[in-house]
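The structure appears below as structure tokens.
Quick note on labels: first sequence line is chain A, next is B, and so on, each numbered from 1. What's counted below: heavy atoms across the whole structure, side chains too, no hydrogens, waters or symmetry copies.
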There are 2 protein chains.
Amino acid sequence: MNRTRGRTASGETASAVLDIAERLVQTRGFNSFSYADVASELSVTKASLHYHFPSKAELGEALIDRYTERFAVALAEIEASERDAGKRLDAYVGLYADVLQNERMCLCGMLAAEYETLPGPMRAAIVRFFELNEAWLAGVLTEGRRGRGLSYAGSPRETARGIVGGLEGWMLVARAHGDLARFRPTARRLVANLAGVA
Amino acid sequence: MNRTRGRTASGETASAVLDIAERLVQTRGFNSFSYADVASELSVTKASLHYHFPSKAELGEALIDRYTERFAVALAEIEASERDAGKRLDAYVGLYADVLQNERMCLCGMLAAEYETLPGPMRAAIVRFFELNEAWLAGVLTEGRRGRGLSYAGSPRETARGIVGGLEGWMLVARAHGDLARFRPTARRLVANLAGVA
DNA sequence: GTCTATAGGCAGATAGAC
DNA sequence: GTCTATCTGCCTATAGAC
């Protein structure tokens, strides 16, 4: 039976390609992995990959879109399970800590470093990822300040960007230091400082 | 007259090569520029570059070493010109803001993203850069707390790493947002939050 | 959907003339 | 120190058989 494929390829093979490519981008970067890398891991040929993702740029877009969608789901789950703003921030930090624990960078943090070399559609998708995160955090920060749990200087938006960028940079440096274990508690404290957790 | 060249090449051409390669790494990344890029800008051939820097890895090492040395000089200048801990932190933020104003990432922040793909000697040099920065900041933070100008939770070392990583990440995201202008004041405020500036 | 085969280009690097 | 010429290998991508 043949499934209908969407624009971004939704079959099982395509999904396996995305899984492998995602890990490679998160560890090595978009410009430092090749179709050959993915093909050998999947035990197929490079030509097969081009059937699912005609160009590397389209593969890149699909990667970011899927990653962003998963993040959106995770954010919704945090909102459903935590009511307190401080605890929501802790859970948010946990998303990044889990990524680093897998010895990976955030996909979009990695791509942000390569931003200048990427095609327009990928750039736009990266900005959307950050926009989603900042908007969600700004909401948490606004509510938290109203409820007196948080007391930060500056706007919620600016503070939200500080948290997102901070997490990206702390991951980056922690990975170079080979210091994965301390990330979670340290990042929690730093975020608490930025957000003025009571 | 022929100058004696050191291990890392100290002639004028070598210096021009480093200038061009540095900018390319800071904007595009180490794996996204080539000897051909540098050669065409310098109007020489690729083969000439290999005379000064036999391998790309050696060029990379020389880049990091020079960058780190310049940073060390800048840190010493800050210590000489500012006595107050808060002002020293502001001046430190200024170093990063100046880099971003030139539409560049921090050299070592960029390389940290590519860390997994880099040869051992380059990795070690990157870690030395972060180590230098964290040690210097830890000193400022220790003094600032003793003098009651600063009041942060956690150790000076951890807070120092928070500042370094934070600046790297804020640069990364600001560049993707095309938001160079707001970086300086925002980063100042965020660092002040992390360090507990009175 | 996956394959073989190949195109066309660019990468880092070297040999040897000048 | 810089050049021309060249090597080897990898890259993204395509054509066309099965």
Side-chain angles (χ1 to χ4, degrees), chain A residues 1-22 24-25 27-63 111 114 116-122, chain B residues 1-22 24-25 27-63 111 114 116-122:
Chain A
M1 136 190 140
N2 279 336
R3 299 196 194 179
T4 308
R5 291 193 309 110
R7 267 202 319 119
T8 50
S10 59
E12 287 171 24
T13 301
S15 166
V17 172
L18 288 174
D19 289 341
I20 293 168
E22 184 178 69
L24 290 171
V25 174
T27 49
R28 306 178 48 83
F30 188 75
N31 293 324
S32 301
F33 89 99
S34 69
Y35 271 49
D37 295 327
V38 179
S40 82
E41 265 197 65
L42 250 185
S43 298
V44 296
T45 61
K46 291 185 288 170
S48 289
L49 304 184
H50 281 284
Y51 169 80
H52 297 281
F53 302 96
S55 75
K56 203 183 177 188
E58 289 169 90
L59 170 56
E61 267 188 81
L63 281 175
L111 294 172
E114 301 178 284
E116 284 296 320
T117 71
L118 301 177
M122 283 185 68
Chain B
M1 138 187 142
N2 278 337
R3 299 196 196 181
T4 308
R5 291 193 307 110
R7 268 202 319 117
T8 50
S10 59
E12 286 171 27
T13 302
S15 165
V17 172
L18 288 173
D19 290 341
I20 294 169
E22 184 177 70
L24 289 171
V25 174
T27 49
R28 305 178 49 83
F30 188 75
N31 293 323
S32 301
F33 90 98
S34 69
Y35 271 50
D37 295 328
V38 179
S40 84
E41 265 196 66
L42 250 185
S43 298
V44 295
T45 60
K46 289 187 292 170
S48 289
L49 303 184
H50 280 284
Y51 169 79
H52 297 282
F53 301 96
S55 74
K56 202 184 178 189
E58 290 168 270
L59 170 56
E61 268 188 81
L63 281 174
L111 293 173
E114 301 178 285
E116 284 295 320
T117 72
L118 300 178
M122 284 186 69

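A:L49 places its CG atom 14 Å from the P atom of C:dG1, with the value rounded to the nearest Å.
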Walk along nucleotides 2-18 of chain D from 5' to 3' and tag each nucleotide B, S or - by protein heavy-atom contact under 4.0 Å, base first, then sugar-phosphate.
BBB------SBBBB---
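With B:Y35 contributing its side chain and B:S55 its backbone, the two residues share a donor-acceptor pair below 3.5 Å. The backbone N or O of A:S34 sits nowhere less than 3.5 Å from a side-chain atom of A:K46 that would complete a donor-acceptor pair.
Under the 3.5 Å distance criterion, with hydrogens and angles disregarded, no donor-acceptor pair is assigned to the side chains of A:E114 and A:T117.
Once rounded to the nearest 0.5 Å, the distance linking NZ of A:K56 with CG of A:N31 reads 5.5 Å.
For the pair B:M122 and B:E61, the tightest heavy-atom approach, listed with the atom from each and the gap, is CG-N, 3.9 Å.
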